[in-house]
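In what follows, a structure is listed as structure tokens, so that the remarks can point back to it.
Both counts, for ligands and for their atoms, begin at 1 and track the order of listing.
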Amino acid sequence: MIKEKYVALGKKPSAIRVLFEYGKVRKQEVGEDHVFDFSIGNPNAPAPDCVKEAIIDLLNNDTSFHLHGYTSAVGDLKVREAVADYLNKTYNANTDAKLIYISCGAMPGLAAVFNCLIEKGDEVIVFAPHWPDYKVLVDQVGGTLVRVKPETVNFYPDYEDLINKINEKTRIVIINSPNNPTGAVYNEEVLTKISEIMSAKSKEYGHPIFLVSDEPYRDLIYEDYKYPYVTNFYKDSIVCYSFSKTLSLPGERIGYISVTKDCYRAYDLALAIGGSARSLGYACAPSLFQFILPKCLGQTADLNFYKENRDVLYKGLTDIGYEVIYPHGAFYLFVKALEEDDEHFSSVAKDMDLLIVPSKSFGYPGYVRVSYCVDKKTVVNGLPVFKKLYDKYKGE
Ligand code: PLP
């Protein structure tokens, strides 16, 4: 028998993917320059030089013949040591190589973490709006995703709602900063507040509630905003990092999971993450891309590329009359739809070949997400189409 729930999942890709696939077909029909695709978070800034240099160096000088071979299932030891050293030096993370798991990117990392911590009926809290696939991953292990609403100035969590939503079934709270889709960056005050609430609730219920920090955008922060290192605030944190966005390598599938030595049963947890990933069929992240990491830790693609896009689009859209959340990190704008039904609004835009993602599947309807990791031409030529869309609603 084929499990029907997977047939259904296969039939219904995420709203992001539906638009992305549509855009590819549409570009063939009407030409690249006539489709304004702001759908997916596929970095358009080139990977930083360190990536190419490290690959060439490895290809030319590696004599181990293991460049394309299996590494240890949880990641090459030297790579794990390099990641631990980097985290200790940069963030005082108090970790070591045994507490680092090299993942095939954030999504498989999250899947492994959820799989080893969530039992059927457990609850996982997430702050809305959120990356839609958390729901798919939590559903898969029999958990229930519970949404906490944001305050609507900075799109930080509504703490009262968090307090009310945590109960004895809560196993995990997910945070994602800088945030997809709002671009919000959680500061020390936010992390302190979340940590205080979670510590009190863990004590009340007599078991640790883990904080899972999903960090594909950690190093994509503008101006002097900072995302402090979460384990320094809450010891039972699990950091799921990815190089997909910071090094512009989403197709190469590489990231890591890290916990601190002070975490609840830290070394058992690290073993469980490795075991869990294995049970899901993930072992040995791509070896070539593991081996480049020691030379690329802390590097990013050109942040100015995204910052310029953000500034042009933010100004362009607000000048037109759109209500836009000002993002301090990641590469998305969260824009108020011009009608209540964001899916309909997105489909009206789609008819103009403007591809923007409705926010319903982000657990927070009434908005659209505009991904600005696109080439400059799409930004500049897309703005008049946003104006046309606005005029259609506002009748000017
Ligand atoms: N988490 C968030 C918040 C994302 O936006 C994405 C991708 O867009 C992922 C996880 C998945 O990242 P990866 O490519 O590392 O699996």
Original post:
Does a side-chain N-to-carboxylate-O contact under 4.0 Å join Lys387 and Asp391?
Top reply: yes

**OP:** Between Ser177, Ser371, Ala106, Gly109, flag the one that comes closest to atom 12 (O) of ligand 1 by a heavy atom.
**Re:** Ala106

Subject >> From the candidates Ser242, Pro108, Gly255, the one that places a heavy atom nearest atom 15 (O) of ligand 1 >> reply: Ser242

**OP:** Would you check whether Lys245 reaches within less than 4.0 Å of ligand 1, judged by its heavy atoms?
**Re:** yes

Subject >> Inter-residue atom distance Tyr322.OH - Tyr367.OH, 0.5 Å rounding >> reply: 14.5 Å

Subject >> Numbering as shown, the atoms of ligand 1 that approach Arg253 to under 4.0 Å (heavy-atom distance) >> reply: 13 (P), 14 (O), 16 (O)

Original post:
Would a line drawn from the ring center of Phe386 to the ring center of Phe38 be shorter than 6.0 Å?
Top reply: yes

**OP:** Over all heavy atoms of both residues, which pair between Leu280 and Asn115 is shortest? Give the atoms and the distance, please.
**Re:** CG-ND2, 3.8 Å

Original post:
Quick one: which ligand 1 atoms are inside 4.0 Å of a heavy atom on Ser244?
Top reply: 13 (P), 14 (O), 15 (O)

**OP:** Only heavy atoms count here, so choose which of Ile16, Asn180, Asp214 is nearest to atom 2 (C) of ligand 1.
**Re:** Asp214

**OP:** Please test Tyr267 against Asp96 for side chain to side chain donor-acceptor pair (under 3.5 Å), starting from the C-alpha separation and ending with a verdict.
**Re:** CA-CA 10 Å; Tyr267 291 90; Asp96 66 34; 2.5 Å; yes

**OP:** Work out which heavy atom in Asn154 is nearest to a heavy atom in Ala184; give both atom names and the distance.
**Re:** O-CB, 3.5 Å

Original post:
Tyr134 heavy atoms, cut-off 4.0 Å: which ligand 1 atoms fall inside?
Top reply: 3 (C)

